[in-house]
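Chain A is the first sequence line, chain B the second, and so forth, proteins listed ahead of strands; every chain is numbered from 1. As a basis for the values below, the full set of heavy atoms in this structure was taken, side chains included, without hydrogen atoms, waters or symmetry mates.
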Amino acid sequence: MFERERQAIETQLKAYLAEQGVPFTEDFKWSNIPFSGEWGIATSFFQAAAAEARAGKKVVVPVRAQELADGAARAIGLPDGFSRVEAVKGYLNLYFNTATYSQRVVDTVLAAGDEFGRGAPKGKRIMVEFSQPNTHKAMHVGHLRNMMLGAALANILEFAGWDVVRANYIGDFGKDVLKWVWNFRKRHAGERPPAEDVTRWMGDLYAESTTNLENDPDGDKEIEDLFHRWEAGDEEVVGLWRETRQWSLDGFSQVYDLMGIHFDRIYFESECEKPGKEYVEELVKRGIAIDERPAGPVIVKIDDLLGLEKEDYRVLVILRSDDTALYATWDLVLAQRKFKDYPDLETSLYVVDVRQSQHFRQVFKVLELAGVDEIKKAAHLPYEIVNLPGNITMSSREGTVVLLEDFIREAVSRARQVSEESNPELDAKTRDEVAWAVGLGSIKYPLIARDHSKIATFDWESALDFNGQASPYIQYAHVRANSILRKAGGAVPAPVAPTHLLDPKEVALIELLADFPAAVQRAADEWRTLQITNHAFELAKAFSEFYNACPVLNAEPAVRDFRLRLVAAARPALANALRLLGIQAPPVM
RNA sequence: GCCCUCGUAGCUCAAUGGAUAGAGCAGUGGCCUUCUAAGCCAAAGGUUGCAGGUUCGAAUCCUGCCGGGGGCACCA
């Protein structure tokens, strides 16, 4: 928000260093002054001093850094808009003139409103592939992390200025699917799914099919037969597959609607089946893949092709020995199809859990070896899975899963209960909206509020704890801001500079508001939703502390006007941050 | 065996190579006649797994070790 001032000062600093003969021409790194209640920007001279040391000048770096900071402070004097300049411990601290700057921040946020924090269009397109559910299976909490990560990241990238394509890749074919179909036509022919919890029902039948297959010596053969009949376009098999698949797809749609997620492009594994096999043949012809059928599968010996002595990429199986396709077969063609569908794609991002890191490394490398240049723009964003306490991985086979439907129901019910206790006056319709907004928010937030590389642990107690660093806390701050504005009559006073000495809590809140646009950019650059979940929480915390320390409505008129504008700025900032995370900001709770 | 990854307060997690390592939860003590207490305030809690190295400066980068998790030919 203050790039212009910063650049002007930076120019002066560089001139000063040049004058002193310091061989340092890099850009300065700026940060906020880390003392609470103070507001300003800071940079250090350690790099410059170190550059001198490297150039042969005999200096003690910290001492020299302080010398340079001192000299720089004298050289730039007191720039416009600043109230104080100091050199401390090698740092140059520039304190803003709080009256001027606080008004500027508040005015800027209010002018932008719902758009506050949006970056300028970058003119670059990125595809984010996420969710990737399997038909004929249930959805559990693990799937939710992927969904939320992908959805939030897509929102953030878009807000940061990217053109975003939200893509889904649905696992609607393969051995597991046909296993389900095999069991269904044997034992459930003619049955139809229930009205509610369709994906759970599909999952139950999937678990049943697994058990039945284990106890059926002819099962594997019969499934292989189904495979070939599907390929040949057998009407009965394809018809049944299509019908049952649709049940899952409808179930997914319900979940996505509930979660507020949409996709721009949906790919299916079944579509990749045929072109995948053709591509495998091509790779064999070109000598990239080795065909060991029928004794073995079709493989690519990646390390050999790269001339690597040590094993690294190892071997990728791209077609089974029985001619059936597998994951890698489809992925090889899907990766290329994405660039065909969107030729201007700058980045093709895969949000898939970390266990598939090697798989993607292999697939991308094989395509590179095959001369597919665009594949350099493909990237895998690996994230860790959601485990149960005791580091137990969820397994539908062992019944150790927390189903999405159950989780949502519990969270919404808990939210309703808390709402009834703390705000009994709400009417039924509003209560319902609050329960859903808070319940859904509370399950979404923790899944994206930790680094991707950290395993998330699910337990009911903390999942349903609405206190502290959690989505309801942020929503509550928004509600309080809204409440003040409502009681003020809705009108926001005209722009005004503060005439009172700003409270440290006001300063802290203003600083966080000013930082939001940078947080959005950083989250987009690093593909880290964590930047936004943290910022949203910090913002809510700053607002709560401000709320507690600084009366608004009962303050004297000049103070009241300024604070009212500050509250009016905080409200959309909180709502925007939540919106990026896919979380609603209800007006009351 | 090879490769990847994680290790920070009792627990769950933060911390663009930079100033005094911060939050939440749990526990302790306070605050509702004042804008919604899903809140706020205070105190307490640390050898950043261990040992070296690089650097003016390391929780952060490198090496080794210890411990947890994951991946390594026809699952996805």
Side-chain angles (χ1 to χ4, degrees), chain A residues 29-31 33-35 42 44 46-47 49-50 53-54 59-65 88-91 93 132 134 171 174-176 269 292-293 296-299 301 310-322 324 326-328 330-331 352-359 361-362 382 384-385 387 391 393 415 418-419 421-423 425 438 442 446 449-451 453-457 459 461-462 465-470 472-473 475-477 479-488 522 525-526 530 534 537-538 541 544-545 547-555 563 567 588-589:
Chain A
K29 287 186 282 185
W30 294 93
S31 56
I33 294 173
F35 313 121
S44 73
F46 295 104
Q47 274 89 353
R54 272 194 299 275
V59 295
V60 180
V61 171
V63 175
R64 180 59 177 157
V88 184
K89 293 181 183 171
Y91 283 84
N93 293 334
Q132 306 112 338
N134 293 312
K175 210 163 188 173
D176 285 346
E269 282 180 356
E292 298 182 337
R293 286 173 296 177
V298 181
I299 60 174
K301 292 187 169 177
K310 225 173 121 187
E311 60 174 354
D312 187 1
Y313 291 92
R314 297 188 165 89
V315 170
L316 180 64
V317 174
I318 59 175
L319 196 67
R320 291 198 188 92
S321 49
D322 66 357
T324 56
L326 38 70
Y327 195 38
W330 306 318
D331 259 342
V352 181
D353 82 61
V354 67
R355 292 172 299 187
Q356 291 180 42
S357 292
Q358 180 171 237
H359 167 79
R361 234 163 71 85
Q362 291 180 316
E384 269 291 357
I385 57 175
N387 278 351
N391 218 10
T393 299
V418 174
S419 171
E421 284 163 13
S422 57
N423 196 353
E425 259 115 75
V438 173
S442 74
R450 53 184 21 61
D451 198 85
S453 62
K454 297 275 173 63
I455 293 172
T457 302
D459 73 276
E461 197 187 328
S462 56
D465 184 358
F466 293 168
N467 299 316
Q469 183 160 9
Y473 177 88
Q475 292 169 315
Y476 187 59
V479 162
R480 284 172 140 185
N482 197 48
S483 182
I484 291 176
L485 294 169
R486 194 176 53 239
K487 292 210 161 137
R522 202 174 150 199
D525 290 344
E526 300 177 356
L530 176 66
N534 276 356
F537 174 69
E538 293 296 329
K541 190 171 154 63
S544 293
E545 290 174 10
Y547 181 95
N548 191 253
C550 305
V552 178
L553 298 176
N554 296 329
R563 286 184 177 164
V567 173
V588 294
M589 276 170 74

Mark yes or no for whether [X], through its side chain, and [Y], through its backbone, hold a donor-acceptor pair below 3.5 Å.
X: A:Asp459; Y: A:Ser462; answer: yes
X: A:Glu384; Y: A:Ser453; answer: no
X: A:Ser422; Y: A:Val418; answer: yes

Looking only at atom [atom1], what distance separates [N] and [M], rounded to whole Å?
N: B:C40; M: B:A23; atom1: C1'; result: 16 Å
N: B:A21; M: B:G68; atom1: C1'; result: 24 Å
N: B:G7; M: B:U47; atom1: C1'; result: 15 Å
N: B:G64; M: B:C2; atom1: P; result: 11 Å
N: B:A58; M: B:G17; atom1: C1'; result: 7 Å
N: B:U16; M: B:C61; atom1: P; result: 11 Å
N: B:A44; M: B:G27; atom1: C1'; result: 10 Å

Between [N] atom [atom2] and [X] atom [atom1], what is the distance in whole Å?
X: A:Glu421; N: B:G39; atom1: CD; atom2: P; value: 13 Å
X: A:Asp465; N: B:C13; atom1: CG; atom2: P; value: 15 Å
X: A:Gln358; N: B:G70; atom1: CD; atom2: C1'; value: 11 Å
X: A:Tyr547; N: B:U34; atom1: OH; atom2: P; value: 11 Å
X: A:Arg450; N: B:U8; atom1: CZ; atom2: P; value: 13 Å
X: A:Lys454; N: B:G7; atom1: NZ; atom2: C1'; value: 9 Å
X: A:Asp451; N: B:U60; atom1: CG; atom2: C1'; value: 13 Å
X: A:Ile455; N: B:C13; atom1: CD1; atom2: C1'; value: 14 Å

Indicate whether OP1 or OP2 belonging to [N] is found under 4.0 Å from a side-chain N or O atom of [X].
X: A:Tyr327; N: B:A76; answer: no
X: A:Tyr473; N: B:C25; answer: no
X: A:Arg320; N: B:C75; answer: yes
X: A:Asn534; N: B:A15; answer: no
X: A:Lys487; N: B:U36; answer: yes
X: A:Arg355; N: B:C4; answer: no
X: A:Arg522; N: B:U16; answer: yes

Counting only side-chain heavy atoms from C-beta out, which of [options] sits nearest to [X]?
X: A:Leu530; options: B:G1, B:G39, B:A15; result: B:A15
X: A:Ser483; options: B:A14, B:C3, B:C35; result: B:C35
X: A:Val317; options: B:C74, B:G1, B:C56; result: B:C74
X: A:Gln469; options: B:A23, B:A76, B:A38; result: B:A23
X: A:Arg314; options: B:U16, B:C40, B:G71; result: B:G71
X: A:Pro297; options: B:C6, B:A37, B:C74; result: B:C74

**Asked** Mapping A:Asn548 and A:Lys29 onto RNA chain B by nearest heavy atom, which one lands closer to the 5' end?
**Response**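 The residue mapped nearer the 5' terminus is A:Lys29.
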
**Request:** Hey, which sits more toward the 5' end of RNA chain B by its nearest nucleotide, A:Thr324 or A:Thr457?
**Result:** A:Thr457

How is [X] classified with respect to the nucleic acid when contacts are heavy atoms under 4.0 Å: base, sugar-phosphate, or nothing?
X: A:Val63; answer: nothing
X: A:Val298; answer: nothing
X: A:Gln356; answer: base

**Request:** May I have the step-by-step check of side-chain contact (heavy atoms from CB on, under 4.5 Å) for A:Val552 and A:Val567, ending in yes or no?
**Result:** CA-CA 9 Å; A:Val552 178; A:Val567 173; 4.1 Å; yes

**Request:** Give a yes or no on this: more than 12 heavy atoms of other residues, nucleotides or ligands lie within 6.0 Å of atom CD of A:Glu461.
**Result:** no

Please confirm whether any donor atom in the side chain of [X] sits under 3.5 Å from an acceptor in the base of [N], or the reverse.
X: A:Ser321; N: B:C74; value: yes
X: A:Arg486; N: B:C35; value: no
X: A:Asn93; N: B:A19; value: yes

For [N], which nucleotide in any strand shown is its Watson-Crick or wobble partner with both distances under 3.5 Å?
N: B:U28; answer: B:A42
N: B:A14; answer: none
N: B:U8; answer: none
N: B:C72; answer: B:G1
N: B:A21; answer: none
N: B:A37; answer: none
N: B:U60; answer: none

**Complete:** Classified by glycosidic angle (syn within 90° of 0, else anti), B:C32 comes out syn

**Request:** Would you indicate whether the side-chain heavy atoms of A:Met589 and A:Asn423 approach each other to under 4.5 Å?
**Result:** no

**Prompt:** Quick one: are A:Arg563 and A:Pro551 in side-chain contact, heavy atoms under 4.5 Å?
**Reply:**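 They are in contact (side-chain heavy atoms under 4.5 Å apart), so the answer is yes.
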
**Asked** So how far is it from A:Tyr473 OH to A:Ser544 OG, rounded to the nearest 0.5 Å?
**Response**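 If we round to the nearest 0.5 Å, A:Tyr473:OH and A:Ser544:OG are 3.5 Å apart.
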
**Request:** Would you please test A:Arg355 and A:Asp353 for salt bridge (charged side-chain N to carboxylate O under 4.0 Å, His left out) and show each step?
**Result:** CA-CA 6 Å; A:Arg355 292 172 299 187; A:Asp353 82 61; 3.1 Å; yes

